[in-house]
Every structure is written in C-alpha cells, then in structure tokens.
Amino acid sequence: MTYTRETDHGTPAAIATGKSVSLTIDGQAVTLPEGTSIMRAASLLGGSIPKLCATDNVESFGSCRLCLVEVEGRNGYPASCTTPVAEGMVVRTQTERLKKLRRGVMELYISDHPLDCLTCGANGDCELQDQAGAVGLREVRYGYDGATNMGQAKDQSNPYFDFDPSKCIVCSRCVRACDEVQGTFALTIEGMGFDSKVAASQGEDFLGSECVSCGACVQACPTASLIEKKVVEVGTPDRAIVTTCAYCGVGCTFRAEMRGEELVRMVPWKDGKANRGHSCVKGRFAWGYAQHQDRILNPMIRASVSEPWREVSWDEAIAHTASEFRRIQAKYGTRSIGGITSSRCTNEETFLVQKLIRQGFGNNNVDTCARVCHSPTGYGLSKTFGTSAGTQDFDSVMQADVILVIGANPTDGHPVFASRMKRRLRQGAKLIVMDPRRTDLVKSPHVEADHHLPLRPGTNVAMLTAMAHVIVTEKLYDEAFIRERCDWDEFADWAEFVSQPARSPEAIEPLTGVNADEVRAAARLYATGGNGAIYYGLGVTEHSQGSSTVMAIANLAMATGNVGREGVGVNPLRGQNNVQGACDMGSFPHEFSGYRHVSDTATRSLFERAWGVSLDAEPGLRIPNMLDAATDGTFKGLFVQGEDILQSDPNTHHVAAGLAAMECVVVQDLFLNETANYAHIFLPGSTFLEKDGTFTNAERRIQRVRKVMAPLNGHADWEIVQLVANAMGLGWTYSHPSEIMDEIAALTPTFAGVHYDRLEAEGSLQWPANDAAPDGTPTMHADGFVRGKGKFVVTDYVPTDEKTGPRFPLLLTTGRILSHYNVGAQTRRTANTAWHPEDRLEIHPSDADNRGLKDGDWVILRSRAGETTLRAQVTERVAPGVVYTTFHHPETQANVITTDYSDWATNCPEYKVTAVQVMPSNGPSDWQQDYASQAQRSRRIAPLEAAE
Amino acid sequence: MSDEPQIMSTADRLVYMAHQIARNLATMGEAKATETLAEHLASFWDPRMKERIIAMAQEEPDRFSPIVAAAVARLAGGRPVPQDQATPFNAVDEAGHCDAG
Ligand code: SF4
Ligand code: SF4
Ligand code: SF4
Ligand code: FES
C-alpha cells in the first residue's frame, strides 16, 4: 500500500442553493453548484491550481496570490480560491503569464524560508516544497536573507506538536482552522509584513494559552511550522488505514497513518460523516497508551487476591476460567455467575460476551457500563418514542434555530460535536443552557447563551415541567403535530398536570433557585424560535429521576412538534465510544439485541434456534444487584470485559465488598485496573488499533474499526471470548468479526442490512438499516413514532432522598474534562496529563471563605458514603452551595463519596447529587493511603521461575 | 441528621427500590400505579430479588406501603400483563415494545 494524502480541493463545498452553473476550465466543460470556487472546480476536474493559503477545511482568504488564473473577458488575474464559478465562464489555469507570476510569488516565499529541507521533519510532506515544484521554481533572485523570523526559538511546550516560527509563511491557515473548525480562537497573527507571525493567545506558549490541542491548526499548516512531534521523531508515514476513535460517543473517524507497524499520526478523515475532518486532543494525539509499559501482555492467575499474580499460558488461563465458572455453577446454581460488557469494545465483542452469558452461562446476568450513564435514556425514550436512541445525525445541528443543552458540557465531553454546534451558534442560532455550572458554552469567544438556567442539582424534572407549564398555559404547543403524531388523550392528561399552578416557574423558583422570568423566556424561545433541538448528557440521566427527566424532555419536544425532521429532535450525547452499540447489542439483563425483552417468546425462540440451547426467560441482575447478591452469597463469579467498576461505579465501598465476596473474578483489560485488585484471573486485552470490528456512535452510526497493527497480547478481544466460550463447550467458529456482524444482522431487525461489505461501500450506516431503510436512517420518527403514537408521560417531581443538612451542607456534582477520559486508564498513560495532573474540587469563593480555604489547599470531601481528599480550586463556575469534581484519577477515588442512590427505573447511579461537607486537610486520607498500599500489594506479579 | 450505614443491606435496598418506583408512579392513581409497579418488577428484577421481596411482604408487611404491598401480591400471583404495550411497529421495523434500561 502506498501513502497518498487525502485530496485537498482548496475550498469547502458550496452551501447548497439547488442552483448550478456551467463553465469551461482549460477547455473542459463542467457543471457545478453555484458558489463553488474556481479552485475547487478545477480540483474536482482532476487538476490542481497551485495554492498555499487555501485548504478545504476553512473558508478561502486570498492572501498568497499563488492561485491566480485567467478568466476570458475579465481584466487582471483573479485568485481562484476566492472567485466563484459563473455561468459561461472560460477559465485558464496555466498560461505563460500565470507561470511567471506564480514563480515570482514563490520566490518571495522561499527567500523568507530556511532551506534545510533535507533535515526538515516535513520533508516529503510539505506543501511549500510541492508548490515550489509545481510552479517550476529554479532560482531565487532576492537571495535568502529576507528572513526575519529565522532564528526564533521553537515553541515545544505542547506535548504533541511543535511550533517553529522560522518555517511559517504566515498563510493564516492555522488561525482560520482554530477559529472556524475548532471555534477556540486561540491564535492570532501579530505584527505586519516580514515581522508578522503567529501567536497563541497574545504571546503565551501553546501549552499556557487557551489552545485545547485539537490539532486542527497542525493539520492545516502547509509547512513544518506546526508539526506533530511524532512525525519529527519517526518520519513521514508510508500507508494509511481508516478507523474510528475509541474514546467518546462522537465517533470521529481517522486515517491512522503508519510507517511500518508504527503509528505516526492520526489524521481526522474528511469523509467521516460524524466528524467531517475534525477531532479533539484525545483521538488525534492520546493513543500512546497502546504501547505503554503498564500494559499487561500475558494472562495471569492467582488463587486468592492476597497472592501475587502468576503468569501462565493462554491455554492454562482459558481452561482455568472455564473450569472455575463451571465449578461455581455446579456448587451455587446456574444464576450464580454473570458478566459485564464494555462500551469501549466493539459491537461484535459485546455481542459475543452477552452470547457467552446467555448461551454458555445459561442466564441473563449481563450488564454493561451504560447502566451507570445512559440507561435512563433507554427507558425514557423507549416509553415515549418507542426506541432507545437519539433522533438525529450530528449534521442536523446546522439546521437548528434554538439549541437547548441540558446537563451536558459538550466542549469538554463531546468536543468535535461542540465545535459544530458553536459554528451554528456563530451563524446566529439561539442557545439555552440548563446546567448548575457555568460551562464553557455559557460564555466563550463569539458564543454566549441567550439563557443560562443554573438550577440546583436534582431539580431537572421540576424545571422541565415548569417549561412545559409555560408552553401549555401560553398555548405555545403545536396542536396539529400532537393530533397527528401523538395520543391526544395522553397529551390532555399531561397538559392538565403541567398546567397546575404548583408546576409554574414562579412556584418552583425556591426549589431550583432559577429566576422564573428567565425560565418563561427560555420556554417561549424553545417553543417559538423555529427548529428547536435538545442535546443532553449525564447531567440528565445520572439522577434519582434520570428516567423521568428523559421523558420530560421527550414531552417538551413532542408538545412543540420538534421531532421527526432535520434541525430538531432529542439527542443524548453518549459518553463512551460504543455505549450506543453496547446497548443495541443486548448488554442489558432484560433484553436481547435490538431492545427485545427476554420474556418475549417469539424473540427468545429465534435466538434459541440460532444458538441451539434453551434460554432463560427471566431478567438477570443489574450491576448493583450483582454486588448485593455477591455479599448475600448467591452470586460468586464475574467476567468483566474492559470496564473498571471499582473506580467508575458509585459507592466504592459497596463495589469492593461485592467483589471481595466472589470466588472468581475474571478481568479482561489492557491494564491492571482497580477492579483487577479483586480479580483471580487476568486476560490481557487488545487496543482498538489491534483489531477489526465496529463502533456505533451517538448518532446510531455504525463505523468500522480496522486493525492497523498486530495485537501485542496475541489475540483480539473477540478471539479471547471465543476461546473461553469454546472451553465451556460452545463450539463457536468465527474466523473474522464480519461473521459476528452477519449473525447480529440475522437476529436483529434494525441491523438486518448491516454487513461489512455495505460498511465498506457506504463508509458508515445509521441504524435502523434494513429492507425498509436500506441506506440507514439519519432522522428517526420522520413519518411516525417507532412505537406508533408518541406517548406523553406525566413526570412528577420527586425530590431525591440525598438531602443536604447541617452535617452535609453542600451538593457535590461530578463530571469530566476535555483532556481525560472517564477513569483515565488510557489518558493518564499519555502526555494528556500535561493538562490535568490531578482531580480538583471546584468550590465557590463564598463557600471557600466560610471554610478558610484558598485556591490549591488540600481539603477533605466527606459524604454519608465515605471521604477522600483532594485540592480545591476556588471558582465562580459553580454556584454557592455546589461543589464539583472530576473522577479521572484513582488516587482521588471520587466514587468513595458517591452514594448508592439511583434512578428509580434503571438504577443508574445518582452521581450528580451527593450531599457533602468540605473541610481543610493536610493531605491524603487514611483510606486513600490504605487503598494505595493494598492496590500496590495486589498488583504484584511473581517473577517467572526458571525453566527446568 | 443520623449516621446512615455506608452500605444498605439487600433487603433494605429492595424495599427502598420498590417504594422509590412507587413514588414515581404515584400520579397515575392507585390502581394503575399498582399494575405498573408489578409489571416493572416482573420485567426488570431477577428471580431472587422477586422471591425475596415476595417473602418479605409476607414476613414484614409493616415495611410496605399499600401500593407496593398490592403490587408485590400481584407479582406473587403470576406475571402481570405489560401496561405499556406499544402500538404496532412502524415502517422502520424497530422492535419498540420494551424498555431499555
Ligand atoms: S491545537 Fe486547536 S485549539 Fe490549539 S491552536 Fe491549534 S486549532 Fe487552536
Ligand atoms: S503556522 Fe503554518 S498554517 Fe500557520 S500561518 Fe504559519 S505556515 Fe500558515
Ligand atoms: S474523543 Fe470523541 S471528539 Fe475526540 S476525537 Fe475521539 S471521538 Fe472525536
Ligand atoms: S491559495 Fe488562493 S490566494 Fe492563496
């Protein structure tokens, strides 16, 4: 395979107007959409007009004058990047005059550029070099001393890329990429003429600036001025394979650019329909964990968790796993073991784990990490709309007029989608943010929320019902839509309920702490401002009323007719890369793939025929119930693939007690994670770079993950599950994940049309993809709700039982930040630690003053569940009475603090509301120290005995 | 405010969960809330959880509100009819009749 760069058409595609124009370029006739640039037109014809300041990720700028062309009947030499095509135009891109002019331009550039091409990191991958060749530059008449930026120090502060001002040609591509693509506005051009240069946030270095290290500028830079450190170190790539990011639910696709078996860089794929050529710091740069020395590459076992690990062969580890599970079942019964699938793994792997449990273990004790994030989305959207999924694709946001963001922090959690949303906001869409914290979206360069509703954590349902109150009592609802698409009687019951005076914004103001006028204004804007689109996150689901909140959101969208077309909808921003897929694949204890209940006889017999066994019709245990059953002695064995429940699940003490009560815990993971401290068998896992499969992102988009290097541990994760299954006598014979997808398609109506050959051809498919929708479904519920009539559900506000009081006067809410990912197992093992070396507790200045705390002080954070220590960050981002922290670092163990309270319908933990007290402290708590030494003991690996 | 235990016992948790669900269904009125709660427990609880709460309802009836007691009795009497049968599937053929989560 040879390496070619993705074609750069120089300017973005024109905004569709439906009109087209015909012209000729160098004698070739062509018809193109109105608004297309001459440069893009020539490129689409297969030509390439020389260019430096244009690239098709950003709007044209017209500064370098290299792209001049001749247009018959026009004077002068217009820049092809800024000149749109016109009807009947006759363009010539290569004439003697043009050649001379271009050479002149190029000479000036080169006279200002160091000529160390042979030792430059971008040698062979530099547009300046290419263009010098393209214009036939052979001499530089001005000498090489026009250079005023030469000799300036490089800025190497960013851990992933360097900035070398001496190589900068001041084309502004980086500045425009940061503004237009990323929306951070971190870069400017300072100075004039030869003195001008790129600067990050008024003269700071990149690391100290507002730069979020998304890399868009590096990708846009035509020279080695902004260049990945890895390219400097390894050299330019020699092949590229398209694959999908394994971090978040945006599902960015990348070209993994390789040199041999070494990954050189990840370049966002312009044809990727989720990310359209953009990415964040994690996907583009934070993949070093794949080669980290902490990775465990050999299987290990031990008789008890107090012993050190012993490395064994794969055969021994697999045989031991199977015999332990069978032993436990013989002694304690069929339902005494279970497993947990991972939203980090592929659809195919997840499907196999639940199949292992249903077919091999003979029960439904399977759950997944979605339990702790979006299970209420599944419940709430199924009840109201009929299926567990977001209604739109990401492109839809570009048609939205009013964007309502609830309990989500997309600039940190879903950065690439946030960049798109911010672009739409800069075009004039209105924004309402409902969040206890003043997130970046509330106010950032060129984006400001029209309404911020900083409600008290735990009052979402009261707030959304108050908005419904305004919409109903002021008759702002869409009666035609409701009559046609929803059950009118249910609407009438709901309308009666929300109209009660007790639900008004004024009545609930004391609960939510939000000004009633502001709530009324926000409700009116959402109902009447045009296309209204709702995006929500874990600030909605991770509450004792998570499911009710999801239903309250669905009610609002139905009442205002904001479902079923582009620009509107209800969109859960999914956390993990494959949380949608893990749910789709039957990872919940009560349902098969495609959300079909295990008690449904027709569905069960379909699976029974395919798998040749009879299946359990009773739902299995959810994760917290597995832990309860373990402490009760009825649940004794657990298979955990790619999830760290000890760190990520609430009430660490409860999780630890449950795990400690089991006889066999099998952990399959990249690293000895916190859960592995309680494990008896460790099966080393593979990274997304080392296997084939698919992930499904938050838009229901199924995308390929492709193997770019051999698994260091010897097996892809799906192969390991197959080994376990076969050791338990199941006789599986998959030779490639595509065969697993074929089985999923055969057994799941919504996936019936999903096969690898279709994915190759289309790039991606959004489910449902089947005979009724062969090309997939970008917008759900277009002609009718999946359940038939949309269902309004009355959602009464029931306050959480987690109450503040004199001992625990503050409310803790938790979240994550851009540079880290969840428990941080991957990102902590990359240079991303440059941005977030530890978890901090955000506290309002008045609460800090009351306690005599200063920024950076150590504090004890105590709840009814436990206590930990960390350092304080005094900030007005949080309201008085509210504190906030992330949970990326095991040293902090924020989940020692979180309680067992959970969503009433799904047991999704109430991470977002914990009553706490904060006090000054001297350093880590006893528990933290004990835990650290226990963890260290538990991670010991016995030295191999010398062979006989 | 009292010192609550750090980990609820399973029995306490089951009683707590059943009542928490009941509180969120209360606006439906007693009859519908009872049926819906019984159906919820049938659909989402593992057999050992169901057996345990059925046994507790007999042994410690004082711990149960009328709605929860009635729903558990309903559960003990056989699998309740699902309350939320969806209308027929639409053209996209999604199986929409059950609750994720
Ligand atoms: S890395 Fe991203 S945020 Fe930083 S300067 Fe470049 S484009 Fe802007
Ligand atoms: S750093 Fe690169 S992209 Fe930015 S102005 Fe200089 S040459 Fe252009
Ligand atoms: S973490 Fe999310 S936004 Fe960032 S590159 Fe990966 S998929 Fe894209
Ligand atoms: S590429 Fe057109 S002016 Fe630079």
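Computed from a predicted model, the values in this text were never measured in an experiment. Numbers restart at 1 for each chain; the letters A, B, ... are given by sequence-line order, proteins then strands.
In this structure the side chain of Gln20(B) reaches within 4.5 angstrom of the side chain of Ser544(A), judged on heavy atoms. Lys50(B) is listed as a side-chain neighbour of Pro619(A), based on a closest heavy-atom distance under 4.5 Å. Residues Asp46(B) and Arg622(A) have side chains not in contact (no heavy-atom distance under 4.5 Å, counting atoms from C-beta outward). Using a 4.5 Å cut-off on side-chain heavy atoms (C-beta onward), Gln545(A) and Arg23(B) make no contact. At least one side-chain heavy atom of Asp632(A) sits under 4.5 Å from a side-chain heavy atom of Arg52(B). Counting heavy atoms from C-beta on, the side chains of Asn625(A) and Met17(B) come closer than 4.5 Å. The closest side-chain heavy-atom distance from Leu621(A) to Trp45(B) is not below 4.5 Å.
With a 4.5 Å cut-off on non-hydrogen atoms, Phe497(A) touches chain B through its side chain but not through its backbone. Only the side chain of Asn365(A) comes within less than 4.5 Å of a heavy atom in chain B; its backbone stays farther off. Heavy atoms closer than 4.5 Å to chain B are found in both the backbone and the side chain of Phe635(A). Heavy atoms of Ser548(A) lying under 4.5 Å from chain B belong exclusively to its side chain.
Note that OG of Ser43(B) and NE2 of His597(A) are 4.0 Å apart. Values are rounded to the nearest 0.5 Å. The distance from atom CG of Leu14(B) to atom CG of Asp628(A), rounded to the nearest 0.5 Å, is 7.0 Å. Residue Asp796(A) holds its CG atom at 5.0 Å from OG1 of Thr27(B), rounded to the nearest 0.5 Å. Taken to the nearest 0.5 Å, the CD1 atom of Ile21(B) stands 7.5 Å off from the CG atom of Asn907(A).
Using bins of under 30°, 30° to 60° and over 60° for the plane-to-plane angle, the ring pair Tyr901(A)/Tyr16(B) lands in the tilted bin.
Annotation: maximal heavy-atom pairing with chain A below 4.5 Å, among Arg48(B), Met49(B), Met28(B), occurs at Arg48(B).
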